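What follows is a set of notes on a single structure, which appears directly below.
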Protein chains: 2
Amino acid sequence: MQLEFLGTGAGSPGKFRNVTSVALKLLDETNEIWLFDCGEATQHQILKTNIKPRKIDKIFISHLHGDHIFGLPGFLSSRSNQGGNSELTIYGPTGIKDFVMTSLRVSETKLSYRINFIDIKDGIIFENENYIVKAKELDHRIKSYGFRVSEKDHPGELLVEKLKELAIPSGPIYGEIKQGKQVTLADGTIIEGKDFIGRPQPGRVVTILGDTRQTNNIEILAKDADALVHESTFGKQEGNLARNYYHSTNVQAARIARKSHAKQLLLTHISARYTGKLEHQLEKEAREIFPQTKVVRDFDIVDIPLP
Amino acid sequence: MQLEFLGTGAGSPGKFRNVTSVALKLLDETNEIWLFDCGEATQHQILKTNIKPRKIDKIFISHLHGDHIFGLPGFLSSRSNQGGNSELTIYGPTGIKDFVMTSLRVSETKLSYRINFIDIKDGIIFENENYIVKAKELDHRIKSYGFRVSEKDHPGELLVEKLKELAIPSGPIYGEIKQGKQVTLADGTIIEGKDFIGRPQPGRVVTILGDTRQTNNIEILAKDADALVHESTFGKQEGNLARNYYHSTNVQAARIARKSHAKQLLLTHISARYTGKLEHQLEKEAREIFPQTKVVRDFDIVDIPLP
Ligand SMILES: [Zn+2]
Ligand SMILES: [Zn+2]
């Protein structure tokens with residue numbers, strides 16, 4: 001489980017940061033990649049990575065501002081041109097389907113795969129055996145969401161040594177025991193599977209927020225997260241600007257990371273004004289409040305280790 | 001008058017060529033820039049040039065395929081963010097307004113300037129005192145146009161030496177003579193202004209085509225052009241492919257350049273397959289037919305000198 005940042009800038013593309021997109025790479029887990037937001041030229045950024053567009057099967061759109069969505073039509077077209085043919089689902093606020101479908105219709109683009117659109121609202125927006133994704137509304141000028149991706153707990157390992165101590169011969173029976181079933185041995189002994197399974201490995205939590213000013217829902221989304229991706233459009237001294245423009249500062253993000261007991265804070269949506277020393281300062285100010293903070297850059301890859 | 005190529009690739013962006021866009025720089029002439037097509041990340045390409053988005057006051061869209069239009073919403077937004085506030089006109093096939101307005105509406109983008117949309121069809125689509133632009137339909141899978149931009153003839157210079165020979169004193173009267181008016185001198189002599197004006201300097205012609213397979217209209221658009229920008233999606237051996245996919249080959253472009261007596265041929269819309277030796281060959285094959293051929297690359301600047 002890794003985050004690969006494809007665009008970490010705010011508003012307009014700059015020389016050093018593209019507009020917003022981040023990939024959640026679930027390659028070791030379930031061999032798929034999820035994209036969060038898709039600003040213009042996200043497909044160009046992907047060209048410089050080892051990400052294969054056909055592996056991206058879900059795209060989550062936090063909000064409909066242009067710097068978060070204008071790369072969608074091009075990405076979808078190229079995914080098709082490059083042989084992607086598996087279904088793709090786009091989760092986003094109402095309006096995303098209108099934008100994508102108009103773009104494809106006007107340009108007479110025929111995709112080689114089907115797109116599902118899911119209009120999001122507060123609550124569980126996706127769940128399968130491996131993951132659960134919850135959305136909650138944030139506080140931006142336009143409807144904006146944050147996402148809490150929770151990996152389900154990994155079942156415990158089979159305690160092979162313990163089975164061997166009891167001289168239980170290996171075979172298909174081990175599979176049944178691993179599933180926690182009750183099993184009767186040849187000699188009539190009854191074995192409870194659950195006694196031979198180690199502690200489940202808790203799943204990881206990654207919280208990725210859209211643009212927002214400070215609001216209570218952030219803490220709920222970020223509670224005990226292994227990684228919190230939070231915008232930081234403004235710096236410490238600009239709290240009023242941040243509030244007026246519906247954005248956050250670096251130190252606001254750091255405070256919420258501390259309060260919600262996140263394990264690491266990744267600051268993104270960085271204004272082009274913050275380069276060199278100023279970028280360093282942005283990180284430093286946040287670290288004074290929450291030491292595990294990083295101002296991410298385009299193409300940064302951040303591991304989310306198992307706890 | 002210069003052409004600056006911002007994207008010279010075909011279909012999808014590649015590592016070396018972005019999707020289509022070319023700027024016609026009229027800075028010395030009328031201090032403006034016109035854009036022809038606007039594929040995704042055209043604004044990113046512009047960031048690497050000295051082009052100021054606010055100087056772009058006209059955008060001509062040849063056809064609605066995604067690789068020619070998906071950069072429009074982002075370009076328009078950034079032009080506004082960067083302080084552009086002068087009116088901008090978009091000329092394109094029916095549908096371009098739908099795409100642009102849906103993108104701006106869904107993303108709640110408020111521009112600081114007004115956009116006019118002009119639906120194009122065959123004929124004169126723009127004319128002022130300096131330029132005339134004619135469009136003609138080409139032959140692509142979707143409605144596609146070529147543009148012939150003609151600079152109006154520059155009026156001849158005032159023949160000051162000749163006036164001095166006649167001992168006509170300089171003053172406001174020179175202005176009237178330069179305008180070709182009939183003027184009566186203090187001594188009653190009548191002067192015909194046109195006798196004191198040099199030969200007019202013929203204006204230049206630049207022809208920029210959208211994607212197309214070979215069709216008679218190309219020759220009409222390209223007749224005696226100072227520069228012909230022609231797509232070359234396929235190579236010499238791929239005439240059938242070109243026809244089937246509604247595109248052209250390098251040698252078809254060269255033949256039409258020769259036939260229409262163009263002064264130079266600029267091949268663009270180059271497939272990502274043509275790199276290194278193959279790219280060189282694409283140019284070589286065309287030069288065997290029309291020596292003044294160049295396969296252009298992103299950021300190439302081509303001067304269109306006065307004849
Ligand atoms: Zn926003
Ligand atoms: Zn086309």
Side-chain angles (χ1 to χ4, degrees), chain A residues 7 9-16 18-19 38-48 53 61 63-82 92-111 140-144 272, chain B residues 7 9-16 18-19 38-48 53 61 63-82 92-111 140-144 272:
Chain A
S12 285
K15 281 193 181 150
F16 305 109
N18 196 33
V19 283
C38 188
E40 183 179 358
T42 293
Q43 64 162 324
H44 297 67
Q45 298 287 88
I46 286 176
L47 273 180
K48 298 177 189 161
I61 298 295
H63 67 297
L64 300 175
H65 278 156
D67 55 327
H68 296 250
I69 67 167
F70 285 163
L72 263 179
F75 170 79
L76 296 173
S77 304
S78 292
R79 183 180 188 268
S80 179
N81 290 343
Q82 290 159 28
T94 309
I96 194 65
K97 182 174 180 177
D98 186 10
F99 168 64
V100 170
M101 294 312 284
T102 300
S103 304
L104 299 179
R105 176 177 48 75
V106 168
S107 60
E108 295 191 11
T109 306
K110 314 268 180 289
L111 299 181
H140 198 43
R141 201 187 297 271
I142 197 174
K143 209 174 261 272
S144 182
Chain B
S12 283
K15 281 194 179 147
F16 304 110
N18 195 34
V19 284
C38 188
E40 183 178 358
T42 293
Q43 65 161 323
H44 297 68
Q45 298 287 87
I46 287 175
L47 273 181
K48 298 177 188 162
I61 298 295
H63 67 297
L64 300 176
H65 278 156
D67 55 326
H68 296 250
I69 67 167
F70 285 163
L72 264 179
F75 170 79
L76 297 173
S77 304
S78 291
R79 183 180 188 268
S80 180
N81 289 344
Q82 289 159 28
T94 310
I96 194 64
K97 183 175 180 176
D98 186 8
F99 169 64
V100 170
M101 295 310 285
T102 301
S103 303
L104 299 179
R105 176 178 47 76
V106 168
S107 60
E108 295 191 11
T109 306
K110 313 266 179 295
L111 299 181
H140 197 43
R141 200 187 297 268
I142 197 174
K143 209 174 260 273
S144 181

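Sequence lines set the chain letters: A, B, ... in the order given, protein chains first and strands last, and positions in each chain run from 1. Note that the structure is a prediction, hence the values are computed from the model and not measured.
- In this structure, chain A has no heavy atom under 4.5 Å from any part of B:Asp67.
- When each of B:Leu47, B:Thr94, B:Ile96 is scored by its heavy-atom pairs under 4.5 Å with chain A, the top score falls to B:Leu47.
- With chain B as the partner, the residue from A:Gly66, A:Pro93, A:Pro73 showing the most heavy-atom pairs under 4.5 Å is A:Pro73.
- Proximity to chain A involves both the backbone and the side chain of B:His65, based on heavy atoms less than 4.5 angstrom apart.
- Counting heavy-atom pairs closer than 4.5 Å to chain B, the top-ranked of the candidates A:Leu104, A:Ile69, A:Asn18, A:Thr109 is A:Asn18.
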side-chain contact (heavy atoms from CB on, under 4.5 Å) assessment of A:Phe75 paired with A:Ile46: CA-CA 9 Å; A:Phe75 170 79; A:Ile46 286 176; 3.8 Å; yes
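- The distance from atom OG of A:Ser77 to atom CD of B:Glu40, rounded to the nearest 0.5 Å, is 8.5 Å.
- With a 4.5 angstrom heavy-atom cutoff, B:Thr42 touches chain A only via backbone atoms.
- Annotation: the span from B:His140 atom NE2 to B:Lys143 atom NZ amounts to 13.5 Å, rounded to 0.5 Å.
- No other option in B:Asn81, B:Val19, B:Val106, B:Ile142 has as many heavy-atom pairs under 4.5 Å with chain A as B:Val106.
- Both the backbone and the side chain of B:Asp98 come within less than 4.5 Å of a heavy atom of chain A.
- B:Ser103 touches chain A through backbone and side chain together, each having a heavy atom under 4.5 Å away.
- Comparing A:Pro13, A:Ser12, A:Gly95 by heavy-atom pairs within less than 4.5 Å of chain B, the highest count is held by A:Pro13.
- Each of A:His44, A:Gln43, A:Gln82 has some count of heavy-atom pairs under 4.5 Å with chain B, and the biggest count is that of A:His44.
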